[in-house]
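Just below is one structure, and these are the notes that go with it.
Values below: all heavy atoms of this structure, side chains included; hydrogens, waters and symmetry mates excluded.
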Amino acid sequence: MSGVWKFKNGVIRLVENPEAEALEGGGTGRQGSSGGRRKVLVYLPTNEVITSYPNLEQKLVVLGWERYYDDLSLLQFHKRSSIDLISLPKDFSKFKSVHMYDIVVKNRNMFQVRDVHVT
């Protein structure tokens, strides 16, 4: 991975293309209908794009993750075999690239974040 690490609002994230982020107005990982690139999370064993939380939860459960109900304002998963915790916004429309990369890091070789070119 190459890029620039940025720290904002207590979260550190990797910005792969800082110049494009500046042009897109902050680079949240998604972009409006005006064109450009957005990110998608892909489940590698089936090459399936994750399009909803029920779809994602199904994949995570197979990988040994369990729902964690400690904070009802978030969708959270944990693994009994580790201290890892995946925290996601309740609303899938707020699911950003920083959340996708968190899933990728905690599930090596199972998920990948890809650019989708939108026209």
Side-chain angles (χ1 to χ4, degrees):
M1 281 190 287
S2 64
V4 175
W5 288 98
K6 288 197 172 186
F7 185 79
K8 182 178 178 183
N9 297 328
V11 176
I12 191 165
R13 66 185 179 91
L14 177 66
V15 177
E16 294 176 356
N17 189 348
E19 293 83 18
E21 178 178 292
L23 293 173
E24 292 172 3
T28 59
R30 297 179 181 264
Q31 189 174 12
S33 60
S34 62
R37 292 184 303 176
R38 66 182 182 98
K39 306 274 189 198
V40 293
L41 182 65
V42 177
Y43 182 63
L44 294 176
T46 60
N47 205 32
E48 178 182 356
V49 174
I50 301 299
T51 57
S52 68
Y53 280 149
N55 183 265
L56 175 61
E57 183 172 4
Q58 180 184 21
K59 309 299 186 234
L60 291 174
V61 166
V62 168
L63 297 172
W65 291 89
E66 300 175 350
R67 273 293 293 275
Y68 190 64
Y69 294 95
D70 189 49
D71 186 345
L72 298 178
S73 66
L74 297 169
L75 187 64
Q76 295 182 310
F77 298 91
H78 75 101
K79 261 188 175 177
R80 289 184 185 213
S81 61
S82 75
I83 61 168
D84 288 336
L85 181 69
I86 296 172
S87 296
L88 307 170
K90 277 275 195 191
D91 184 356
F92 189 76
S93 68
K94 295 178 180 169
F95 183 58
K96 307 293 184 195
S97 62
V98 68
H99 305 111
M100 296 177 195
Y101 283 114
D102 186 40
I103 292 168
V104 169
V105 167
K106 294 173 181 168
N107 295 279
R108 298 266 182 221
N109 303 318
M110 299 307 286
F111 291 94
Q112 184 178 58
V113 177
R114 296 182 185 164
D115 286 330
V116 174
H117 298 280
V118 181
T119 56

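Here the CZ-CG distance, from Phe92 to Leu56, works out to 7.5 Å after rounding to the nearest 0.5 Å. Expressed to the nearest 0.5 Å, how far OH of Tyr53 lies from CG of Leu75 amounts to 6.0 Å. Interatomic distance, Leu63 CG to Lys79 NZ, rounded to the nearest 0.5 Å: 6.0 Å. If you take NZ on Lys106 and CZ on Phe77, they are separated by 12.0 Å, rounding to the nearest 0.5 Å. Atom-to-atom distance recorded for His78:NE2 and Asp70:CG is 10.0 Å, nearest 0.5 angstrom. One finds the NZ atom of Lys96 at 14.5 Å from the OH atom of Tyr101 (value rounded to the nearest 0.5 Å).
Residues Ser73 and Asp71 share a closest heavy-atom pair of OG-OD1, 2.6 Å. Shortest non-hydrogen contact noted between Val40 and Arg38 is CG1-NH1, 3.6 Å. Here the closest heavy-atom approach between residue His99 and residue Ser87 is recorded as CD2-O, 3.8 Å. Across Lys90 and Leu72, no two heavy atoms sit closer than the pair CE-O, 2.7 Å.
At a threshold of 4.5 Å between side-chain heavy atoms, the hydrophobic network of Ile, Leu, Val, Met, Phe, Trp and Tyr places Met110 and Leu60 in one connected group. Hydrophobic clustering (ILVMFWY, side-chain heavy atoms < 4.5 Å, transitive): Leu88 and Tyr68 are in distinct clusters. Hydrophobic clustering (side-chain heavy atoms under 4.5 Å, transitive across Ile, Leu, Val, Met, Phe, Trp, Tyr) groups Val113 together with Trp65.
For the pair Asn47 and Val42, the minimum side-chain heavy-atom distance is below 4.5 Å.
Of the listed residues (Asp84, Leu44, Ile86), just one forms a side chain to side chain contact (heavy atoms under 4.5 Å, CB included) with Asn107, and that residue is Ile86.
The salt bridge (Lys or Arg N to Asp or Glu O under 4.0 Å) search around Arg67 returns Glu57, not counting sequence neighbours.
Counting heavy-atom neighbours within 6.0 Å of Asp91 CG, excluding the residue itself, gives a total above 12.
Clustering of Ile, Leu, Val, Met, Phe, Trp and Tyr by side-chain heavy atoms under 4.5 Å joins Val62 with none of the others. Residue Ile83 is found outside any hydrophobic cluster, as its side-chain heavy atoms come under 4.5 Å of no other Ile, Leu, Val, Met, Phe, Trp or Tyr.
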